[in-house]
Amino acid sequence: MIFGISCDAIREVVAGIFLISGLVFFVGSAIGMLRLPDFYCRIHASGNSETLGSMLAFMGMMIYEGATLTSVKIAFVFLLVFLANPIGSHILSKSAYKSGYPVWTLRSKDADKAIGAPPKGHSADEPVGNLDQPEEEK
């Protein structure tokens with residue numbers, strides 16, 4: 001007991017903090033999936049946030065469970081998700097790019113309204129990565 005608080009209570013509080021932190025990243029990923037403009041941005045949001053959210057949630061479950069066989073199994077699933085989720089999102093985005101799926105740019109239809117860009121004639125630069133870049137003038 002530390003200051004009249006049992007070790008089990010401390011472990012449950014720490015596990016709860018990890019689980020709530022994971023939930024924050026899961027909610028951020030869901031908001032990114034709903035709000036971002038194209039496939040590439042959405043796959044980026046889901047790949048990064050879901051990986052971190054699941055890692056925090058798994059760590060919280062392992063802390064709550066303690067040193068048991070179940071926590072070893074959770075750690076194994078944690079490792080699989082840690083390796084598979086970024087690789088899977090990278091393969092999906094790379095195959096979409098190679099198949100010609102369009103990249104969202106400021107030239108896309110209604111892109112100015114989506115980001116609140118200034119009216120035409122303003123000197124806003126085009127973002128990097130546009131598929132239909134004009135050829136250089138000779």
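Predicted, not measured: the structure shown is a model, and the values here were computed from it.
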Does the side chain of Tyr40 reach to within under 4.5 Å of the side chain of Tyr97, using non-hydrogen atoms?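 Yes, at least one pair of side-chain atoms sits under 4.5 Å.
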I'd like to check Thr51 versus Met55 (side-chain heavy atoms, cut-off strictly below 4.5 Å). Are they in contact?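 A side-chain contact exists here, since the closest heavy-atom pair is under 4.5 Å.
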Donor-acceptor under 3.5 Å (Ser21 side chain, Ile17 main chain):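 Such a contact is found between Ser21 side chain and Ile17 backbone.
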Determine whether a donor-acceptor pair (N or O, by modelled atom type, separation under 3.5 Å) exists between the side chain of Ser29 and the backbone of Phe25.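 Pair absent, no side-chain N/O of Ser29 close to backbone of Phe25.
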Return the [atom1] to [atom2] distance between [X] and [Y], rounded to the nearest 0.5 Å.
X     : Y     : atom1 : atom2 : value
Ser93 : Arg42 : OG    : CZ    : 14.5 Å
Ser54 : Phe82 : OG    : CZ    : 10.0 Å
Ile63 : Arg11 : CD1   : CZ    : 10.0 Å
Asn48 : Ile43 : CG    : CD1   : 10.0 Å
Phe78 : Met61 : CZ    : CE    : 10.5 Å
Lys73 : Met62 : NZ    : CE    : 14.5 Å

Of all the heavy-atom pairs spanning [X] and [Y], show the shortest one and how long it is.
X     : Y     : result
Leu36 : Ala45 : CD1-CB, 3.7 Å
Met59 : Phe18 : CE-CE2, 3.4 Å
Phe39 : Leu92 : CE2-O, 3.9 Å

